[in-house]
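For reference, the structure discussed in these notes is given below.
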Amino acid sequence: MLFINIAAGMPHKCILNYNLAEFIGIALLSQLSPMIQDIFGKSPTDAAVVVSVCSGWNAVGRLFWATVSDNLGRKHTFALFFSIQGLIFGIFPTLADNGQYLPFVFGLCIILSMYGGGFATIPAFLADLFGHKNVGAVHGVILTR
Amino acid sequence: MCPSYTKAYQSLSWSAAGAFGPILITTIRNEGVSEAHGGSLIHIYNVTFYIMCALLIVGLILTLLIRPLVHPDDEETECTEHNPHNDEGSPLLVRSDPDKLRHV
């Protein structure tokens, strides 16, 4: 996936970007419940609560990050997504080691809010990059990834 | 512009993120569980976290490399006014012949 998109040239950077941003979110969501149970020894019910809370952050993130991108610029918003998410993933192993449950869940919430924010921001980003007339086609192509 | 541009690659990476991500993470988890032999599972996700961290760093670099497309006719009269929606300050592209768009 990575190499295909890189080989395809410059415009694919933004497709690849989106790919990466949503790849992280989808991969994390799919393993969220077993992850909480394995690392912190929580019951499946507790894990389900965490998944619901994170979904709420996902929804709020769509509104919040789309608003942020209006003021900050799309590119900077995406750079912010990647930096903060990378930082949080970097400290996750430490939090898991120390058994810090609430900071871990808060980190998950932030990551999933940015996952939603990526979804919400990408159409506007594409409009800025490719022009308003091309958004329909480009967004369609990107969503298939 | 984009449909023809990406047609060749579209079928290759169809839903790649949606399918590949969970498969990768699940595989890593299952290997971790079998290696733990019923012991502590606290560390089985560390590899996952570091892989994601690395991917996000790649994503950050690619984000910083993104430039808007510019039409040849616009290059002489490039708009210098700051537009927060368009980080590079280049003109917005509403063109009837988008095939001529190219990267700067």
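Since we're looking at a predicted model, the values are computed, not measured. Chain letters run A, B, ... following the sequence lines, proteins first and then strands; every chain starts at 1.
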Legend entry - With sequence neighbours excluded, residues passing ring pair (Phe, Tyr, Trp, His ring centres under 6.0 Å) with A:F64: none

[X] and [Y]: which non-hydrogen atoms are nearest, and at how many Å?
X     : Y     : result
B:L60 : A:S83 : CD1-OG, 3.7 Å
B:L56 : A:G86 : CD1-N, 3.4 Å
B:I25 : A:Q31 : CG2-CG, 3.2 Å

Legend entry - CZ (A:F106) with more than 12 external heavy atoms under 6.0 Å: no

Hey, quick one: are [X] and [Y] part of the same hydrophobic cluster, counting side-chain heavy atoms closer than 4.5 Å, chains of contacts allowed?
X     : Y      : value
B:L64 : A:F125 : yes
A:V49 : A:W57  : yes
A:V60 : A:L108 : no

Legend entry - chain B contact residues among residues 32-46 of chain A, heavy-atom distance under 4.5 Å: A:P34, A:M35, A:D38, A:I39

Legend entry - residues 87-94 of chain A: residues contacting chain B (heavy atom under 4.5 Å, by number): A:F89, A:G90, A:F92, A:P93

Inset, instruction - Taking heavy atoms only and a threshold strictly under 4.5 Å, list by residue number the residues of residues 45-54 of chain B that touch chain A; give 'none' if the list is empty. - result: B:Y45, B:N46, B:F49, B:Y50, B:M52, B:C53

